[in-house]
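Naming: A, B, ... by sequence-line order, numbering from 1 per chain.
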Amino acid sequence: MAGVPHLSARDGRMKMAPRVRFAPSPTGALHVGGARTALFNWLFARHHGGAFILRIEDTDRSRSTEESIEEIKAALRWLGLDWDEYYRETERFPLYQEAAERLLAEGKAYESEGAWWFRVPRPGETVVRDLLLGDVAYDHELIKDFVIRRSDGSFTYNFACAVDDADLRITHVIRANEHLNNTPRQILVYQALGLEPPKFAHLPMVLSRERAKLSKRHGATSVFEYRDLGFLPEALLNFLVRLGWSHGDQEIFSKEEMIALFDLKDVNVSAAVFDEEKLLWLNQHYLKVGDPERLGELLRGFLVKRGIVPPEEADSIPLAKLAKAIELFRERSKTLLELAEKAAFIFGPPERLEYDPKGVGSFLTPEKGPLLEGLASELAGLDEHEFKAPRLEEATRAYLARTGHQLKEIAQPCRVALTGKTEGPGLFETMEALGKEATIVRLRRGLELIHQGQEA
RNA sequence: GUCCCCAUCGUCUAGAGGUCUAGGACGCCGGCCCUUCAAGCCGGGGACAGGGGUUCGAAUCCCCUUGGGGACGCCA
């Protein structure tokens with residue numbers, strides 16, 4: 001594979017497929033800023049038919065953990081960012097050793113106090129030709145000699161990173177702006193080793209609401225935290241792609257569109273604040289257009305997580321019922337977690353329900369008693385298979401017409417009796433989701449509540 | 001403190017010297033719809049940080065100020 005560039009028929013010049021990498025240090029969870037960097041690299045690779053490489057920068061053994069490596073990989077998989085090649089820096093030790101020895105032998109590095117130091121040539125200047133920022137010049141007087149090999153024999157980031165990028169034939173280093181000041185050092189390493197540096201593109205930072213670097217201190221920051229809060233991967237991806245990149249006025253992008261449209265020239269340079277409100281909106285958007293069965297399967301987990309159904313019962317909930325809940329509540333929920341809470345009354349036992357006292361007080365009043373009673377009897381006459389919204393509405397309206405009442409007179413009392421709440425999906429959809437037994441039981445239970453209220 | 005990056009509505013952004021009395025989206029406010037809450041639809045408020053240049057003409061180019069962020073580790 002190496003050294004077999006394909007020739008572009010058009011201009012006859014070498015045109016190699018780009019090779020980019022995402023190189024996280026495994027010292028914790030994958031946070032959303034890292035995910036955005038990974039996404040841009042992945043999109044760049046996929047758009048150009050290049051390779052997306054995952055390289056774990058674990059040269060600092062004391063801070064790196066296997067757990068973190070697995071979590072980062074799992075988070076990338078959850079987002080659907082697949083990698084073509086995978087490396088761990090700790091497994092590439094001989095590469096760095098050889099390169100470092102060469103620099104030592106050539107006098108481009110020296111040993112002091114057990115560590116090997118890179119000798120920055122002075123006077124001098126290194127210019128970073130950034131694809132996004134333009135040229136950024138660094139005076140060597142401001143760059144101190146830096147350690148390339150620690151006294152314990154391990155290698156430092158700036159050195160290993162450059163050696164790796166060169167060895168893996170990385171063509172474009174796309175990373176967050178916080179690394180810009182490291183770039184001249186890495187270019188120096190390339191030059192000392194007689195290698196051609198890759199192209200660089202430093203992405204604008206993703207900042208927290210407080211306009212500071214993302215940190216665990218304020219709210220959720222990791223990809224999995226958002227997953228556990230009930231966010232969908234496609235929503236998070238869509239949100240992240242719009243942080244620093246745009247395509248005119250378009251806000252909604254499928255993964256395929258992102259790949260087709262992504263271009264470095266549409267990436268901007270100013271830092272972006274992670275605005276959870278917009279993420280919430282996008283998440284609801286994907287909740288609304290997603291496949292109910294797929295979302296229903298996800299809902300199962302949140303019902304358990306929320307303590308709404310015991311773990312051992314979760315598997316026996318029919319997928320159809322879960323999918324129904326999705327369809328009923330997705331227009332009124334921003335996250336799956338919120339949806340699980342709203343739909344809780346459907347999954348609990350028919351006779352048990354938590355009632356909103358205010359709702360009971362204002363709607364389960366004595367004069368509604370006969371109506372509720374009558375409706376319960378009316379609906380009890382329906383067959384199980386007739387418990388579908390259209391048929392329920394038909395039956396209810398017929399009953400209402402016969403008794404000279406209007407729907408709005410009993411809608412809220414019914415809703416409170418059935419769900420315990422004053423808000424929720426359409427009445428008849430709610431009855432259908434509940435099923436005949438629960439509907440009748442709860443309507444009659446509403447009656448009891450009215451009587452109790454009278455006594456009190 | 002030193003160095004580096006950045007600067008359009010609260011937020012994400014469009015804008016690549018005239019088409020800008022600056023467009024879209026989220027959020028916010030109001031209305032419509034309606035069995036509630038949502039969703040949806042319609043409407044509203046809301047920004048080119050400031051000052052100098054350059055130019056016939058600047059949100060767009062240059063400089064300064066201010067503001068924000070980042071980096072200054074034998075962390076990455």
Within residues 405-417 of chain A, find the residues that approach RNA chain B with a heavy atom at under 4.0 Å, and present them sorted by residue number.
Leu407(A), Lys408(A), Ala411(A), Gln412(A), Arg415(A)
Side-chain donor or acceptor of Glu234(A) paired with backbone N/O of Ser254(A) under 3.5 Å
no
Residue Lys213(A), side-chain heavy atoms: nucleotide from A71(B), G23(B), G68(B) that is nearest
A71(B)
What interatomic distance, in whole Å, is found between P of C3(B) and the corresponding atom of G73(B)?
16 Å
Between Ser246(A) and A14(B), does any side-chain N or O lie under 4.0 Å from OP1 or OP2?
yes
Rounding to an integer number of Å, can you tell me how far Asp130(A) CG sits from G70(B) P?
19 Å
Report the distance from atom CG of Leu328(A) to atom P of U36(B), rounded to the nearest whole Å.
16 Å
5'-most by nearest nucleotide on RNA chain B - Glu331(A) or Asn158(A)
Glu331(A)
Could you tell me how far G23(B) sits from G45(B) if I compare only their P atoms? Round to whole Å.
11 Å
G-U wobble or Watson-Crick pairing nucleotide for U2(B) (cut-off 3.5 Å, both distances):
A71(B)
Look at the rings of Phe22(A) and Phe52(A) and say which category their plane angle falls in: under 30° parallel, 30 to 60° tilted, over 60° perpendicular.
parallel
Between the protein and nucleotides 3-6 of chain B, list the N/O to N/O atom pairs that are separated by less than 3.5 angstrom.
from, atom 1, to, atom 2, distance (Å)
C4(B), O2', Tyr138(A), OH, 3.4

What is the distance from CZ of Arg175(A) to C1' of A71(B), rounded to the nearest Å?
13 Å
Between G1(B) and U11(B), how many Å separate the two C1' atoms, rounded to a whole number?
33 Å
Closest to the Asp249(A) side chain: G69(B), C12(B), A14(B)?
A14(B)
Options G69(B), A76(B), A39(B), nucleotide nearest the side-chain atoms of Ser25(A)
A76(B)
Between Glu71(A) (side chain only) and Glu67(A) (backbone N and O only), is there a donor and an acceptor less than 3.5 Å apart?
no
Give Ser333(A) one of three labels, base, sugar-phosphate or nothing, depending on what nucleic acid heavy atoms sit under 4.0 Å from its own.
nothing
Taking only the side-chain nitrogens and oxygens of Lys265(A), find out if one of them lies under 4.0 Å from OP1 or OP2 of A16(B).
no
Taking the C1' atom in each of U60(B) and U13(B), what is the distance between them to the nearest angstrom?
16 Å
Taken to the nearest whole Å, NE2/His202(A) to C1'/G69(B) is 15 Å
With a 6.0 Å cut-off on the ring centroids, do Phe40(A) and Phe262(A) count as close?
yes
Is the backbone of Val147(A) close enough, under 3.5 Å, to the side chain of Thr156(A) for a donor and an acceptor to pair up by distance?
yes
Give none if G46(B) has no partner; otherwise give the nucleotide forming a Watson-Crick or G-U wobble pair with it, both distances under 3.5 Å.
none
Mind checking Asn268(A) for me? I need base, sugar-phosphate or nothing, with any heavy atom below 4.0 Å counting as a touch.
sugar-phosphate
So does Arg211(A) get a side-chain nitrogen or oxygen closer than 4.0 Å to the phosphate oxygens (OP1/OP2) of U11(B)?
yes
If you measure from the C1' atom in G67(B) to the same atom in C48(B), how many Å do you get, rounded?
16 Å
Rounded to whole angstroms, how far apart are CZ on Arg332(A) and C1' on U35(B)?
12 Å
Does A38(B) have OP1 or OP2 sitting under 4.0 Å from an N or O in the side chain of Lys342(A)?
no
For Gln250(A) and U13(B), give me the distance from atom CD to atom P, rounded to whole Å.
16 Å
Under 3.5 Å, is there a donor-acceptor pair between the side chain of Lys368(A) and the main chain of Glu409(A)?
yes
In plain terms, say whether Arg415(A) and Glu423(A) are close enough for a salt bridge, that is, a side-chain N and a carboxylate O under 4.0 Å apart.
no
Base paired to C56(B) (Watson-Crick or G-U; both N/O distances under 3.5 angstrom)
G18(B)
What is the per-nucleotide protein-contact pattern of nucleotides 27-33 of chain B, from the 5' end, where B denotes a base atom under 4.0 Å from a protein heavy atom, S denotes such proximity for sugar-phosphate atoms only, and - denotes neither?
S------
Closest to the Glu423(A) side chain, choosing from A38(B), U13(B), C37(B)
C37(B)
C1' spacing across the pair C9(B) / C5(B), given as an integer number of angstrom:
24 Å
Gly244(A) or Arg149(A), whichever maps to the more 5' nucleotide of RNA chain B
Gly244(A)
Pairwise P distance, U21(B) and A59(B) [rounded to whole Å]:
9 Å
Side chain of Thr156(A), base of C74(B): donor and acceptor closer than 3.5 Å?
no
Cationic N near anionic O, under 4.0 Å, Glu354(A) to Lys421(A):
no
So what does Pro24(A) touch, heavy atoms closer than 4.0 Å: a base, only the sugar-phosphate, or nothing?
nothing
For Leu261(A) and A14(B), give me the distance from atom CG to atom P, rounded to whole Å.
14 Å
Are a donor atom and an acceptor atom from the side chains of Asp164(A) and Tyr96(A) found within less than 3.5 Å of each other?
yes
Integer angstrom distance from the P of A47(B) to that of U54(B)
29 Å
Touch class at under 4.0 angstrom, heavy-atom based, for Gly426(A) against every strand present
base
So does Glu251(A) reach the base of G24(B) with its side chain, donor to acceptor, closer than 3.5 Å?
yes
How many whole angstroms separate atom CD of Glu210(A) from atom P of U11(B)?
13 Å
Ring centres under 6.0 Å, that's the criterion: do Trp116(A) and Phe146(A) meet it?
no
Contact class for Ala115(A) (heavy atom, under 4.0 Å): base, sugar-phosphate, or nothing?
base
Counting distance only, does the side-chain N/O of Glu393(A) pair as donor-acceptor with the main-chain N or O of Phe428(A) below 3.5 Å?
no
Looking at Arg92(A) and Glu98(A), is there a salt bridge between them, counting it only when a charged N and a carboxylate O are closer than 4.0 Å?
no
Would you check if the side chain of Lys436(A) reaches a backbone N or O of Leu382(A) as a donor-acceptor pair within less than 3.5 Å?
yes
The side chain of Asp60(A) lies closest to which of these nucleotides: A76(B), A14(B), U35(B)?
A76(B)
Ion pair Glu178(A)/Lys213(A), N-O distance below 4.0 Å:
yes
Centroid-centroid distance, His179(A) to Tyr157(A), less than 6.0 Å
yes
